[in-house]
Amino acid sequence: MYYKVSGVTGKLTGASAASAYNPQGLKPMVPSQAPPMIFAVPTKVVSETGSVAHYMGINKVPELQKIFQKTDGAPVHLKRGVMDKMLYRTTMSLTIGGTLYCLMALYIAAQPRKPQ
């Protein structure tokens, strides 16, 4: 059974299923005209663009595959030369420095306060 608030007594009274879904004061409304478009620019449908793909540059994948698949014993993240080595060493030094700084901060925080 469905209930609604009586406008006369202010208490809950029994209601039919149709009136339970339409609260008092609200009536279902169908707009008389379509809402205006937010973006008035027409969009392209996928079939309008054609089947040819246009790339912004040359395809570098075959060259990179040759570089990364060489069996020279170097790890993949160091195969492209000096810049990779500099980036790796910088990352490792920042990691070690951050770890040491955290350990030092923990040591200082663990010391009891001196009475003043």
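Heads up: numbering here begins at 1 and tracks the sequence.
When the salt bridge (charged side-chain N to carboxylate O under 4.0 Å, His left out) test is applied to Lys85, no partner is found at least two apart in sequence or on another chain. In this structure Leu12 satisfies the side-chain contact (heavy atoms from CB on, under 4.5 Å) test together with Tyr3, Val5, sequence neighbours excluded.
Residue pairs meeting the salt bridge (Lys or Arg N to Asp or Glu O under 4.0 Å) criterion with at least one member in residues 58-68, sequence neighbours excluded, do not occur.
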What side-chain donor-acceptor pairs closer than 3.5 Å can you find for residues 72-79, not counting sequence neighbours?
residue, atom, partner, partner atom, Å
Asp72, OD1, Ala74, N, 3.3
Asp72, OD1, Lys79, NZ, 3.1
Lys79, NZ, Lys70, O, 2.5

Side-chain atoms of residues 87-101: list all donor-acceptor pairs with protein atoms under 3.5 Å, sequence neighbours left out, distances to 0.1 Å.
residue, atom, partner, partner atom, Å
Thr90, OG1, Met86, O, 2.7
Thr91, OG1, Leu87, O, 2.8
Ser93, OG, Arg89, O, 3.1
Ser93, OG, Thr90, O, 2.9
Thr95, OG1, Thr91, O, 2.7
Thr99, OG1, Thr95, O, 2.8

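The hydrophobic cluster analysis finds Val8 isolated: no Ile, Leu, Val, Met, Phe, Trp or Tyr side chain comes under 4.5 Å of it, directly or through other members.
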